[in-house]
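Have a look at the structure below, then the notes.
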There are 2 protein chains.
Amino acid sequence: MTQRSYQRLGEDARRNALLEATLDCLAEDGMGGASVRKIAERAGVSAGLIRYYFLSKDEMVHAAYAYLMGNLTGAAAESARMASEGPAQALAHFIAANVKHPNLSSRKVSLWATFIGRVRSGQRYAQIHRESYREFLDLLEALIHPVLTQHNLPAGPATCHSHAIALNGLIDGLWIEGSLGHGLYDPARLPRIALSAAEGILRLPNDTLTHPFAH
Amino acid sequence: MTQRSYQRLGEDARRNALLEATLDCLAEDGMGGASVRKIAERAGVSAGLIRYYFLSKDEMVHAAYAYLMGNLTGAAAESARMASEGPAQALAHFIAANVKHPNLSSRKVSLWATFIGRVRSGQRYAQIHRESYREFLDLLEALIHPVLTQHNLPAGPATCHSHAIALNGLIDGLWIEGSLGHGLYDPARLPRIALSAAEGILRLPNDTLTHPFAH
DNA sequence: CACGTTATTATACAAATGTATAGTATTCCG
DNA sequence: CGGAATACTATACATTTGTATAATAACGTG
């Protein structure tokens with residue numbers, strides 16, 4: 001009975017496992033407490049292995065940030081694609097998806113915030129932030145435009161861009177506070193609040209987004 | 001010529017200097033890099049002194065968080081009090097103040113985010129967050145109510161509360177992205193975007209907040 | 001089944017960390 | 001001005017940190 005003392009994993013499998021472990025530790029202990037050793041232990045691996053896959057701990061944390069943001073916007077974009085009933089539904093689904101499970105998660109917000117806190121002084125963090133933010137903004141702008149034209153509202157590039165900025169702010173802010181679960185209100189109210197506010201921002205008739213099937 | 005090698009400061013002066021130094025280091029290096037020694041050096045003080053004023057490094061960081069949040073909401077509330085032309089102006093000033101200098105600051109957002117990242121696992125952080133968030137929400141609600149009644153809009157407690165949540169999200173989100181200065185748009189556009197979006201959220205007539213003197 | 005490749009572990013190390021303690025210098029009060 | 005109170009420094013210490021290196025075990029291939 002020769003029990004293997006460890007298992008060799010393929011390049012990608014182990015890399016992802018390490019990134020997940022990094023995020024786990026970062027969510028729990030923050031940048032101050034997520035040490036190489038804790039991360040390795042969480043991944044069920046010896047500490048030395050990390051530097052076999054990454055040039056340094058920093059490089060791994062950067063990679064974990066990019067990995068997280070990819071998952072976040074990916075999930076929201078997915079839920080917009082699912083909605084095939086029309087532009088308003090797609091936008092509504094996209095907005096709602098950002099303030100509902102699984103995106104509404106204290107773990108995800110904690111991670112996001114921890115990384116955002118490094119954007120100012122870390123070039124690499126800033127770059128990842130800029131890219132993922134731009135992606136989100138573009139996505140939003142593309143969803144907004146058809147809805148505006150559908151309702152004969154001004155839909156020039158400048159208008160769409162401003163609206164995208166405002167909607168992005170709204171979504172981010174609600175997502176953050178809702179995820180942290182401070183207990184000051186029920187997070188289940190968030191989708192309705194977000195959609196109603198979005199209607200107002202875009203100057204859409206009431207219930208265009210909250211009850212999109214009536215239109 | 002007996003040059004003094006150090007100066008004795010009063011309890012509060014030194015305490016505040018230490019808190020400011022803590023925030024400086026935290027903004028630059030995050031939780032991972034803000035060590036007791038760096039903080040002490042920034043404050044022009046020996047490392048040991050920190051534990052004369054605080055029970056532990058953790059306690060000092062917690063205190064720095066509370067200190068920061070007090071300053072943030074304090075500044076915004078101040079700018080609302082300044083506006084004496086009426087409810088709409090007060091609300092408009094409050095909203096705009098949050099997406100303008102000096103609140104629109106990468107340093108402040110970095111600090112805010114760094115702390116938010118710890119709210120999930122640190123009880124003390126969570127408590128400070130909850131308190132400062134509630135304060136902000138209450139402030140907003142009190143500003144919203146008179147504006148709604150002034151325009152004969154529904155202004156029940158539930159409505160005001162929902163609107164406050166939405167506005168808070170909007171403000172937070174714009175504040176964060178605007179402060180980080182990713183270069184995707186000019187932050188000078190933020191006050192107008194925020195006020196226009198706020199009008200929509202509250203279903204106010206156009207220009208009620210963006211040009212409040214016409215009303 | 002051997003064998004070479006390499007994914008993985010184990011150990012080592014200097015630097016940095018938070019904290020404890022003892023000593024020193026400043027300030028205030030009589 | 002002298003001397004007590006204490007704000008402050010200096011040093012020491014055990015841990016933990018990221019990283020480097022050498023040894024080892026797993027796996028694919030012949």
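Heavy atoms only: backbone and side chains are in, while hydrogens, waters and symmetry mates are out. Residue numbers begin at 1 in each chain, while the letters A, B, ... track the order of the sequences.
Taking atom CE of residue A:M31 and atom C1' of nucleotide D:dT17, one finds them 16 Å apart after rounding to whole Å. Rounded to a whole Å, the CD1 atom of A:I50 is 12 Å from the P atom of C:dT8. One atom, CG of B:L9, and another, P of D:dC8, lie 6 Å apart when rounded to the nearest Å. Per the geometry, CD belonging to A:E41 stands 13 Å off P belonging to C:dA10, to the nearest Å. One interatomic measurement links the two molecules: CG of B:L18 to C1' of D:dT9, which rounds to 14 Å at whole-angstrom precision. In this entry the distance linking CZ of B:R14 with C1' of D:dT6 reads 13 Å, nearest Å.
Under the side chain to side chain donor-acceptor pair (under 3.5 Å) criterion, the residue pairs touching residues 67-79 of chain B are B:E20-B:Y67, B:E78-B:R81, with sequence neighbours excluded. Sequence neighbours left out, the pairs with a member in residues 170-183 of chain A that pass side chain to side chain donor-acceptor pair (under 3.5 Å) are A:E177-B:H129.
Considering only residues two or more places apart in sequence or on other chains, B:A194 meets the side chain to side chain contact (heavy atoms under 4.5 Å, CB included) condition with B:I95, B:V99, B:L174. In this structure, the side chain to side chain contact (heavy atoms under 4.5 Å, CB included) partners of A:S56, at least two apart in sequence or on a different chain, are A:D58, A:E59. Evaluation of the salt bridge (Lys or Arg N to Asp or Glu O under 4.0 Å) rule for A:R134 yields A:D138 as partners, not counting sequence neighbours.
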How would you summarise protein contacts on nucleotides 16-25 of chain C per nucleotide, using B for base, S for sugar-phosphate only and - for none, with heavy-atom distances below 4.0 Å?
-BBBS---BB
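Between B:Y185 and A:H161, the angle of the ring planes goes over 60°, which puts this pair in the perpendicular group of the 30/60° scheme.
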